[in-house]
Amino acid sequence: DGISFLRKIMSEHPTPVVMCSTLTEKGAETTMQALSSGAVDIITKPKSSAKGYLMEESTMVLDAIKSAAKANMKRVARPRTTTPAVLREVAPKLTADAVLTAVHGTALKETTERIVAIGTSTGGTQALEQILTRLPRVSPGIVVVQHMPEKFTSAFANRLNSLCEVEVKEAANMDRVLPGRVLIAPGGKHMMLKRSGALYHVEVVDGPLVSRHRPSVDVLFRSMAKYAGSNALGVIMTGMGDDGAVGLKEMHEAGAETIAQDEATCVVFGMPKEAIKRGGVDHIMPLDDIPQAMLDYAGRRKISNAN
């Protein structure tokens, strides 16, 4: 079968592989196996005729192939890790303005609670597993955007929850952001942070594609800048494109501390590279250093091992 074939390829001759899957719960479960076996990217099977699908979704297919072509196979082929899931849709490239107004004014005052926001795409499922499985139960509240199709994020969150000490769940509207909890934006929806007094929760909403994605890292990061300010840490990791680069700079300007994963440990050094280029990154570090940096930030200690 396809999974056995993929495992054989990755063990004998690691090769960039794009998985084609159905938008179903069964398809999501199979895709999790494919990602854990080394697939670089996924696209969804056509709902109508193949001809119509290729005409309508050609950009998605081409982007998946380009993403796989740029993949660092040394990172993909690491044992006991998973790899990315990305859904790209054909649409005008909008900014976060389409969902949330930009940040204005000074940064918010500090509170006792600190929050970490993570944005990632190609290679992100592997990277997130490496980070979240190393966190103790007493960790800061974490919100995550990983580019994935609907239905797939639930399976991904459930898999991580079975491996981690922290609670990992697919975010639902009005979920509280709490220490020891990781909320993953559901596929096909945007996720934004909101604040009520000193308490934080998320809003899960519909909306247009932003930076050609839904969920969008830019939308999450802008909401972090607007409602958390200096109480937040922004982390941008492996992924193709530039989603999150503008939002991370907005977080930086609002008083948040920011981290970009370094090129050597990325599957695709696209999103971090763009964020660095825009000047919104305080620290550049390898993937293995990011979990401790998150804990240092939550404990109000100086982040170390940064470039």
Side-chain angles (χ1 to χ4, degrees), residues 23-29 31-32 35 42 44 82 84-87 89 96 98-100 111 113-121 124-125 128-129 131-133 135 137-211 213-228 231-235 243-244 247 294:
L23 271 172
T24 63
E25 290 185 8
K26 184 177 180 180
E29 293 173 3
T31 299
M32 290 303 109
L35 296 174
I42 60 172
T44 53
T82 56
V86 183
L87 177 64
E89 302 180 51
V99 178
L100 185 66
T111 66
E113 193 170 346
R114 290 191 161 189
I115 299 175
V116 177
I118 300 174
T120 186
S121 185
T125 55
L128 285 169
E129 181 178 328
I131 285 176
L132 298 182
T133 53
L135 293 179
R137 188 175 300 275
V138 181
S139 295
I142 301 170
V143 287
V144 177
V145 165
Q146 161 71 55
H147 295 153
M148 285 184 114
E150 56 182 311
K151 299 184 184 295
F152 289 25
T153 43
S154 177
F156 178 52
N158 290 339
R159 169 180 162 74
L160 288 177
N161 191 55
S162 70
L163 299 173
C164 299
E165 288 189 27
V166 291
E167 176 196 8
V168 184
K169 71 183 295 286
E170 183 184 60
N173 194 43
M174 301 303 292
D175 271 351
R176 285 277 309 279
V177 181
L178 300 169
R181 169 183 277 186
V182 180
L183 298 177
I184 296 180
K189 302 280 188 180
H190 289 302
M191 181 173 73
M192 297 183 290
L193 182 78
K194 289 296 179 74
R195 178 174 171 176
S196 178
L199 304 179
Y200 294 97
H201 66 273
V202 295
E203 284 191 2
V204 175
V205 300
D206 291 316
L209 302 179
V210 172
S211 299
H213 294 285
R214 184 177 53 241
S216 165
V217 182
D218 271 330
V219 170
L220 174 63
F221 282 178
R222 173 169 289 186
S223 71
M224 295 292 293
K226 192 167 187 175
Y227 295 105
N231 302 302
L233 172 67
V235 183
D243 187 28
M294 291 164 55

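What you see is a predicted model, and the numbers here were worked out from it, not measured in a lab. Just so it is clear, the values below take in all heavy atoms, side chains as well, and ignore hydrogens, waters and symmetry mates.
The main-chain N or O of R159 is found under 3.5 Å from a side-chain atom of S162 such that the two form a donor-acceptor pair. Formation of a donor-acceptor pair under 3.5 Å by the N231 side chain with backbone atoms of R114 is not found in this model. A donor-acceptor contact shorter than 3.5 Å links the side chain of S223 to the backbone of L220. Formation of a donor-acceptor pair under 3.5 Å by the S216 side chain with backbone atoms of D218 is found in this model. A donor-acceptor pair under 3.5 Å is absent between the side-chain atoms of T133 and the main chain of C164, judged by distance alone. Formation of a donor-acceptor pair under 3.5 Å by the S139 side chain with backbone atoms of L135 is not found in this model.
Here E167 does not pair with R137 in a salt bridge; the nearest charged N to carboxylate O distance is not below 4.0 Å.
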So L128 and Q146, side chain to side chain contact (heavy atoms under 4.5 Å, CB included) or not? Walk me through it. CA-CA 9 Å; L128 285 169; Q146 161 71 55; 3.7 Å; yes
Determine whether L163 and L132 satisfy the following criterion, side chain to side chain contact (heavy atoms under 4.5 Å, CB included), listing intermediate values before the conclusion. CA-CA 9 Å; L163 299 173; L132 298 182; over 6 Å; no
Run D206 and R214 through salt bridge (Lys or Arg N to Asp or Glu O under 4.0 Å) and show every step you take. CA-CA 9 Å; D206 291 316; R214 184 177 53 241; 6.0 Å; no
Applying side chain to side chain contact (heavy atoms under 4.5 Å, CB included), run through V210 and H190 and close with a yes or a no. CA-CA 9 Å; V210 172; H190 289 302; 3.9 Å; yes
Determine, stepwise, if the pair V144 / L183 fulfils side chain to side chain contact (heavy atoms under 4.5 Å, CB included). CA-CA 6 Å; V144 177; L183 298 177; over 6 Å; no
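Side-chain contact between L233 and M294 is present, with at least one heavy-atom pair separated by less than 4.5 Å. By the 4.5 Å heavy-atom criterion applied to side chains, L193 and V177 are counted as neighbours. Between D175 and K169, some side-chain heavy-atom pair lies under the 4.5 Å cut-off. With a 4.5 Å cut-off on side-chain heavy atoms, Y200 and K194 do not count as touching. In this structure, the side chains of E113 and P179 come closer than 4.5 Å at one or more pairs of heavy atoms. You'll find the side chain of E150 stays beyond 4.5 Å of the side chain of K189, heavy atoms only. Within the 4.5 Å cutoff, no side-chain heavy atoms of V219 are placed close to those of M224. No side-chain heavy atom of I184 sits under 4.5 Å from any side-chain heavy atom of V145.
Looking at every heavy atom in both residues, A172 comes nearest to V202 through O-CG2, 3.7 Å. Between V217 and G244, the shortest heavy-atom contact is CG1-CA, 3.6 Å. Here the shortest heavy-atom pairing between P186 and P215 reads O-CD, 3.7 Å.
To the nearest 0.5 angstrom, M174 atom CE is 3.5 Å from H201 atom NE2. For the atom pair OG1 of T153 and CE of M191, the computed distance is 10.5 Å after rounding to the nearest 0.5 Å.
Taking S154 as the reference, N158, E170 meet the side chain to side chain contact (heavy atoms under 4.5 Å, CB included) condition, with sequence neighbours excluded.
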